[in-house]
Amino acid sequence: MKNFKLVFFYIKKYKLQFILGFFCLIVCDGLQMIIPKVIQHSIDGVLLPGFRSIDLVKYGLLIILLAIVIAIFRFLWRIFIIGNARIIERDIRNDFYAHLQKLSARFFQNHKTGDIMAHATNDMNAIRMLIALGIVIGVDIIVYSAASLFFMINIDFRLTMFVIIPLPLLTFIIIYFGKIIHKRFRKVQDSFSSLTEKVQETISGIRVIKSFAQEDSSQRRVSKASYDYVEKNISLVKVWGLFFPALVFIIGISIGLTLIIGGRKTILNEISFGEFVAFNSYLAMLVWPMIAIGWVTNLYQRGSASMKRINNILYAKADIIDRDCVNYNIYELNGSIEFRHLNFNYEENEPKVMKDVSFSVSQGETLAIVGRTGAGKTSIINLLTRKFDPPENTVFIDGYDIFEIPLQVLRNDISIVPQDIFLFSDTVKENIKFAKQNATDEEIFAFAKAAQIYDEVMDFKDQFDSIIGEKGVSLSGGQKQRIAIARALLADPKILILDDALSSVDTETEKKILTNLIKLRKNKTTIMIAHRISTLQHADKIIVIDEGKIIEQGNHQQLLKNNGLYANIYKKQQIEEHLVA
Ligand code: M5T
Ligand code: MG
């Protein structure tokens, strides 16, 4: 039950609606129980001498009236209860999403996107079903079984005792079959998602498949998944096939007993004809709560498993947060940076990826980071932007320990073009203005020009309104990079970071972008990471990093004189360029 703390919180929040729903449901159920009684009286009446047809009309009208009132109340409880369960589902989903946004990069490294998606969809569904149906079925079970039993016993105690003996079996069948059905249904769903995944992969990867002439093998993969889906469905159909006959069989036994024993009692005049008919109706009404108990048990088990999974995430501590030492008087950054003897590893028992790293950048300078792949360049950025937290007293901005700076300020004043660029499947324009929602078209165009992407976008059919991604234009790696650069520039941040952001851009275009960048970033701090030295040589300061250690630092000329790794890389790249030219 403690899993459901959040649910209870929301039920309380919408308590008025739930109480109203509850009331309507009870009225609805109660009136439903009167109908067989009306039928009983009309049948018994017909058999009496002196019964006039006008009396029949009265009974008929009463039943119609009941049906109308029941319909109205049924409509109301559905709105109040089922509608509210939807609203609670929405609230929980919003909480869930808001919390997800607070979680760190580390969390997302350890959780698969597919699993998180499943929590946001399947698990939310299970909780909603439990809230809505749990309440409705709970009331139904109590009202239906109490009233039916009351009226049945009222008609004939012994008959009632006989015919209800088989009914509890219904509950067990539902619990038992319900579990198997659920398990197999899950397998069907898994198989379906694996099938769609394969088909999607085949379609989006069609170029690779064709270029490696792997059509047959990819066809086989899809067809295997397709067979698997059929198999899983058949295994589900088999249980369904057994499930209904089993229910009908047990209900049949009760009906049979009623006919044999009740019919005899009617013939012997121990109960009236009308009572016999009413008894049958109440028996049918008693079947539902028996089924419902089983159903609600399964719903509860599923819902609480889902709730537990969601709680695991909801109560996962957001680890990248403002700490106690945060200073909310810091509203913006100037842009000087210092790393002091920083040691860092991503996981406790893993080797260090930063070893005694110290360097500093003054406000307005351009810092370049060079090093072989895996050297630790991106890691420096991860720590500076608090994508991962460094140890305290190792990273400073404007002389403040990074933990004194509110996260909000840090995020606002640093823009980054990451190595793995992500663009939303939205228009080019929306993607560029992502970091500055109120940007004007003129600004957007100006920064697109600075990033050397303007002309290409103007050649697209819908120009800046072209949608990026599957439904629209597919961009080259270099185009994506330049859109991301325009986006970062538009934010005009105090600190701009380009992590290998020009790797897919030709040297000619690169030169133009760099010229613009130097102009735009005058007196503002910029950090550039690149493998090509031509990208970096203008930097005020260059640090060369290898296996997590800074092995050289200085400007281009100094490092060339040093004749170390930097000079070495530079010479190699010069030779390559000559060979290509
Ligand atoms: C440096 C490890 C990586 C490598 C070392 C980002 C990241 C890196 N690492 C992790 O364990 N977890 C992470 O989230 O750290 O990696 P890097 O800083 O990404 O290197 P780089 O940017 O210099 O390389 P590249 O290829 O981008 O030029 O051992 O496994
Ligand atoms: Mg990197």
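Numbers for residues simply follow the sequence, beginning at 1. Numbering of ligands and ligand atoms starts at 1, following listing order.
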Which of the numbered atoms in ligand 1 are below 4.0 angstrom from a heavy atom of [X]?
X: His531; answer: 28 (O)
X: Ser379; answer: 1 (C), 15 (O), 16 (O), 17 (P), 18 (O)
X: Gln419; answer: 25 (P), 27 (O)
X: Asn382; answer: 6 (C)

When you check the gap from the basic side-chain N to the acidic O, do Lys541 and Glu365 get nearer than 4.0 Å?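 Salt bridge: no.
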Are Asp546 and Arg372 close enough for a salt bridge, meaning some N to O gap below 4.0 Å?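 Salt bridge present between Asp546 and Arg372.
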Which residue and atom name correspond to the protein heavy atom nearest [atom], and how close is it?
atom: atom 26 (O) of ligand 1; answer: Thr373 OG1, 2.6 Å
atom: atom 28 (O) of ligand 1; answer: Lys377 NZ, 2.7 Å
atom: atom 22 (O) of ligand 1; answer: Thr378 OG1, 2.7 Å

Could you check whether atom 30 (O) of ligand 1 has a protein contact, counting only heavy atoms that fall below 4.0 angstrom?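 No; the ligand atom in question lacks any protein heavy-atom contact below 4.0 Å.
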Please check if a non-hydrogen protein atom sits closer than 4.0 Å to atom 1 (C) of ligand 1.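 True for atom 1 (C) of ligand 1.
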Are the ring centres of Phe422 and Phe424 closer than 6.0 Å?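 Yes, ring centres under 6.0 Å apart.
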Determine whether the aromatic ring centres of His556 and Tyr566 lie less than 6.0 Å apart.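 Between Tyr566 and His556, which both carry aromatic rings, the centre distance is below 6.0 Å.
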Donor-acceptor contact present, side-chain [X] to main-chain [Y], <3.5 Å:
X: Lys355; Y: Glu547; result: yes
X: Ser226; Y: Val222; result: no
X: Gln553; Y: Phe359; result: no
X: Gln573; Y: Tyr570; result: no
X: Gln363; Y: Asn523; result: yes

Residues in ring pair (Phe, Tyr, Trp, His ring centres under 6.0 Å) contact with Phe96, at least two apart in sequence or another chain: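 With sequence neighbours excluded, Phe96 shows a ring pair (Phe, Tyr, Trp, His ring centres under 6.0 Å) to no residue whatsoever.
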Please verify the inter-ring angle class for Phe445 with Tyr454; under 30° counts as parallel, over 60° as perpendicular, anything in between as tilted.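 Phe445 and Tyr454: perpendicular rings.
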Can you check the number of protein N/O/S atoms within less than 2.8 Å of the Mg ion (ligand 2)?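 Step by step: take the Mg ion (ligand 2), keep protein N, O, S below 2.8 Å, and you get 2.
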Contact with ligand 1 for Ala375, non-hydrogen, under 4.0 angstrom: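 In this structure, Ala375 qualifies as a contact of ligand 1 - some heavy atom is under 4.0 Å.
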Backbone or side chain, does any N or O of Gly376 fall under 3.5 Å from an N or O of ligand 1?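 N/O-N/O distance under 3.5 Å: yes.
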